[in-house]
Amino acid sequence: MSPPDWRAVAADFPINADRIWLNNCGISAMPGPVRDAMKAHFDAFAQGGILAMPSEQAAHDGAREPLARLLGCVPDELVLCHNTNEAMLFLSHGLDLAPGDRVLLLENEYPSNVYPWEHWRGRGVDVDFAPLGRSPEEFLAGLKATLTERTRVVSVSAVHWCTGMPLPLLEIGQLCAARGIDFFVDGAQGVGMLPIDVRAAEISAMGFSAWKWLLGPIGLAGFYVAPEVLRRLRFPWKGTGSVVDDHAYLPYRDTIKPSTDRYVLSTPNFNDWLHFGSSLRYLESLGMAAVRARIAELANRLADGLRAAGFQLTRDAFASHATGIIAAEKPGHDSARLVAELAAAGIIGAERLGRIRLAPHVFILESQIDRTVETLARLAR
């Protein structure tokens, strides 16, 4: 397969007409072909109503099948929910933990993978944090030192949302599997940007946003659960869509669906499912390996330029590990102010932990990276 024409890809994204969008690990942009597909869907729905809609199964599988190919699993091990936070709530409330057990989270983790676990503290379960460290190797060493025989759950991000540091999922998975520990992953910052094979990494379950590297709709997420984990998770929510033969409303039913479909509690948002499926097919048309390589290439160009302009980069502590997120700061300069001034110049990033966070995607061109570096260098003189 020949490499994509990245200039043609850039032309697919209307957002490029007005700004340089470098907050793709926050909220990404919609490709024009996906907009066109959704417009056609809404036109058909306006004309034909529900009769113009695909079946629920077809809409769901239209997103789950490419996700399964991406993650190395099968479609019925995946379900679409609303966000990573919801996925983690399903996991946390589905576990049977006992007083004295221990849940281990990540230092400076995003709240979606912290708040769902806090309820256990009132039930005698310890909720603690492993040190992030400056590199994946440092994190792994710190994790090993922090584990105890009472640790039942390790729940961490695939990529740290502030620093861009990828965590060593394969090594964490092996470590947890050897000790009988559930290994849960917040994949929001990683899925689509880095290769993640849920089986190879022995991931017990993972939630991840649609609207970051996967170019999907805001308010939709993927949720993977390994079959052996699903079988032992409690399910205290029973909704209209959770039971077998859910479209036969009477008599009431008690048998919960055996797959992850049980987490579609009631009427889903078909529009988001169709949007996500279209976004995933767009990425697949480029080739996911090519997408990941392009993100890394652009991030490396950005890092090299900022370093040459006198910025300090978190990624220099883990330079041998790929990332699409560049966190930078310049001594003596307020990063929040620089981010605001970048936005005024039409360049969109974010400030996290006192650093400028920038994350390019495939629709960004080298000239836009160079303009960003030149603008930041000028602002931080």
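Side chains are part of it too, since the values below use all heavy atoms of this structure and drop only hydrogens, waters and symmetry mates.
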How long is the gap from CZ on Arg352 to NE2 on His160, to the nearest 0.5 Å?
11.0 Å
Using a strict 4.0 Å threshold on nitrogen-to-oxygen distance, state whether Arg64 and Asp261 make a salt bridge.
yes
Look at the aromatic rings of Trp237 and Tyr263 and report parallel, tilted or perpendicular, splitting at 30° and 60°.
tilted
Residues passing the salt bridge (charged side-chain N to carboxylate O under 4.0 Å, His left out) test with Glu297, sequence neighbours excluded, are Arg294
To the nearest 0.5 Å, tell me how far Asn16 CG sits from Ile364 CD1.
5.5 Å
Classify the angle between the aromatic ring planes of Tyr249 and His247 as parallel (below 30°), tilted (30 to 60°) or perpendicular (above 60°).
perpendicular
Would you call Lys39 and Asp36 a salt bridge, using N to O less than 4.0 angstrom?
no
Is it the case that the side chain of His321 and the backbone of Met165 share a donor-acceptor pair, with hydrogens and angles ignored and the cut-off at 3.5 Å?
no
I would like to know whether Cys25 and Arg357 meet side-chain contact (heavy atoms from CB on, under 4.5 Å); could you show each step before the answer?
CA-CA 9 Å; Cys25 64; Arg357 190 190 70 181; 3.3 Å; yes
With Arg123 as the cation and Trp120 as the aromatic partner, state whether NZ or CZ is under 6.0 Å from the six-membered ring centre and within 45° of the axis.
yes
Side-chain heavy-atom pair Leu106, Leu132 within 4.5 angstrom cut-off:
yes
Locate the shortest heavy-atom distance separating Leu143 from Ala130; write the atom from each residue and the value.
CD1-CB, 4.2 Å
What do the steps show when you test Asp370 against Arg301 for side-chain contact (heavy atoms from CB on, under 4.5 Å), and what is the final call?
CA-CA 8 Å; Asp370 295 344; Arg301 186 183 185 100; 2.8 Å; yes
Could you please spell out the steps behind the side-chain contact (heavy atoms from CB on, under 4.5 Å) verdict for Val153 and Trp117?
CA-CA 10 Å; Val153 173; Trp117 300 101; 4.0 Å; yes
Under 30°, 30 to 60°, or over 60°: which ring-plane class applies to Trp161 and Tyr110, parallel, tilted or perpendicular?
perpendicular
About how many Å separate OG1 of Thr146 and CG of Leu104, when rounded to the nearest 0.5 Å?
6.0 Å
Non-hydrogen atoms of Lys212 and Ser28 that approach each other most closely
O-CB, 3.0 Å
Can you see which heavy atom on Tyr282 is nearest to which on Pro31, and at what distance?
CD2-CG, 3.9 Å
Looking at every heavy atom in both Thr260 and Asp76, which two are closest together, and how far apart are they?
OG1-O, 3.1 Å
Is the ring centre of His41 less than 6.0 Å from the ring centre of His275?
no
Residues Thr151 and Arg102: side-chain donor-acceptor under 3.5 angstrom:
yes
One thing to verify: whether Asp96 and Arg232 come together as a salt bridge, which I'm taking to mean a side-chain N less than 4.0 angstrom from a carboxylate O.
no
Shortest non-hydrogen contact from Leu147 to Arg179?
CB-NH1, 3.7 Å
Using side-chain heavy atoms (C-beta onward) and a distance below 4.5 Å, is Glu56 in contact with Pro268?
yes
